[in-house]
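If you're wondering where the values come from, they're calculated on a predicted model, not measured in any experiment. Every chain is numbered from 1, with letters handed out A, B, ... down the list of sequences.
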Protein chains: 2
Amino acid sequence: MTRTHPQVSTLPGLQLPPRKTYTALSAAIDLEAVFSLLEGRWKLLILFNLFGGQVQRFSDLEKRIDGISQKMLAQQLRQLEADGIVERTDHGEVPPRVDYRMTAWGQALCPALDGLLQWMEQCGQR
Amino acid sequence: MTRTHPQVSTLPGLQLPPRKTYTALSAAIDLEAVFSLLEGRWKLLILFNLFGGQVQRFSDLEKRIDGISQKMLAQQLRQLEADGIVERTDHGEVPPRVDYRMTAWGQALCPALDGLLQWMEQCGQR
DNA sequence: CCGTATCCCCCATGATACTG
DNA sequence: CAGTATCATGGGGGATACGG
């Protein structure tokens with residue numbers, strides 16, 4: 001597989017870990033794992049409403065994402081939380097107040113997804 | 001959305017097109033489009049067997065991809081071809097000889113997908 | 001306000017058989 | 001060798017109702 005190496009350490013002292021090596025099979029399997037984290041009718045909508053660092057309440061997301069049901073919002077958030085992509089905070093108040101934000105790891109998805117968008121933008125040039 | 005800007009023109013004279021701008025909604029929609037090109041039980045396996053520039057016959061792919069049926073291989077290849085990601089050549093011989101390779105645009109997927117793999121590799125550090 | 005619990009349906013995939 | 005055709009299945013997602 002062609003790589004984007006060499007990895008330039010821009011920050012002195014920041015040690016980037018050595019890259020994994022892949023076979024066609026293992027690369028496909030790992031990428032399937034990535035996709036399984038992101039697949040789901042509403043996950044990308046949720047993520048793009050959280051990239052940027054906002055902290056959003058359940059009801060905020062419900063308002064911002066047109067057409068989503070409470071069941072689906074809760075389900076997709078649970079999965080994103082279980083996968084370490086978003087963080088959930090229950091303030092334990094009555095009436096309930098719960099909010100969501102990206103984890104550091106989840107936030108790192110943003111530039112990676114942007115790479116896919118850039119690729120899609122090249123579509124016209126083919 | 002945080003960007004990987006600025007875009008450095010590494011090759012003098014190579015004009016990179018200006019980036020599209022996105023809302024949360026449009027970014028999610030465009031990314032869904034990317035995913036829909038790549039979703040399918042076998043597509044990533046096919047792609048990683050073609051990244052690298054090899055030209056592979058139908059039967060080559062069938063041998064390399066364990067467990068795939070002729071129906072699914074044909075179907076996924078048709079979709080990748082229709083989407084401009086792989087190229088099909090029918091040599092019009094008897095017995096049939098047909099081969100597949102990445103298009104230039106399809107090949108450009110490789111570094112973008114690599115970005116997702118790099119993200120996945122950071123998983124342990126969270 | 002922030003969720004669960006049910007029921008239902010559709011479509012992607014698999015199995016299998018057939019063909020120029 | 002390189003595909004189509006047909007039938008069966010199962011799980012993700014929608015609609016709706018209920019609960020602390």
### Task
Mind calculating the distance between CG (A:L61) and C1' (C:dC2) to the nearest angstrom?
12 Å
### Query
Salt-bridged, B:D99 to B:R88, with N to O below 4.0 Å?
no
### Message
Test your reading of the model: is there a side-chain donor-acceptor pair from A:T103 to the backbone of A:I85, 3.5 Å cut-off?
### Response
yes
### Task
Evaluate the side-chain proximity of B:Y22 to B:I29: yes if any heavy-atom separation is below 4.5 Å, no if none is.
no
### Task
Run the salt-bridge test on A:D114 and B:R19 with the 4.0 Å N-O cut-off and return the result as yes or no.
yes
### Message
Looking at B:D90 and B:G92, would you say the former's side chain and the latter's main chain have a donor-acceptor pair under 3.5 Å?
### Response
yes
### Message
Whether the side chain of B:Q76 engages the backbone of B:W42 through a donor-acceptor N/O pair (distance < 3.5 Å, no angle test) should be reported.
### Response
yes
### Message
Using a 3.5 Å distance criterion without hydrogens, assess whether the side chain of B:Q56 forms a donor-acceptor pair with backbone atoms of B:N49.
### Response
yes
### Query
What is the distance, rounded to the nearest whole Å, between atom CZ of A:R88 and atom P of C:dC1?
16 Å
### Query
So where does chain B start and stop touching DNA chain D, 5' to 3', when the test is distance under 4.0 Å to a non-hydrogen atom?
D:dC1 to D:dT6
### Message
At under 4.0 Å between heavy atoms, how does the protein contact nucleotides 6-20 of chain C? Give one character per nucleotide, 5' to 3', with B, S or -.
### Response
B------SBB----B
### Message
Side chains of A:R97 and A:T89 only: does a donor on one sit below 3.5 Å from an acceptor on the other?
### Response
no
### Task
Verify the distance criterion only: is there a donor paired with an acceptor across the side chains of A:K20 and B:Q118 at less than 3.5 Å?
no
### Message
For the helix from C:dC1-D:dG20 to C:dG20-D:dC1, what angle separates the axis at the start from the axis at the finish, each from five pairs, in steps of 10°?
### Response
50°
### Task
Look at A:Y100 and C:dC2 and indicate whether a side-chain polar atom (N or O) is within less than 4.0 Å of OP1 or OP2.
no
### Message
Taking the side chain as everything from C-beta on, heavy atoms only, tell me whether B:L61 gets closer than 4.5 Å to B:Y100.
### Response
yes
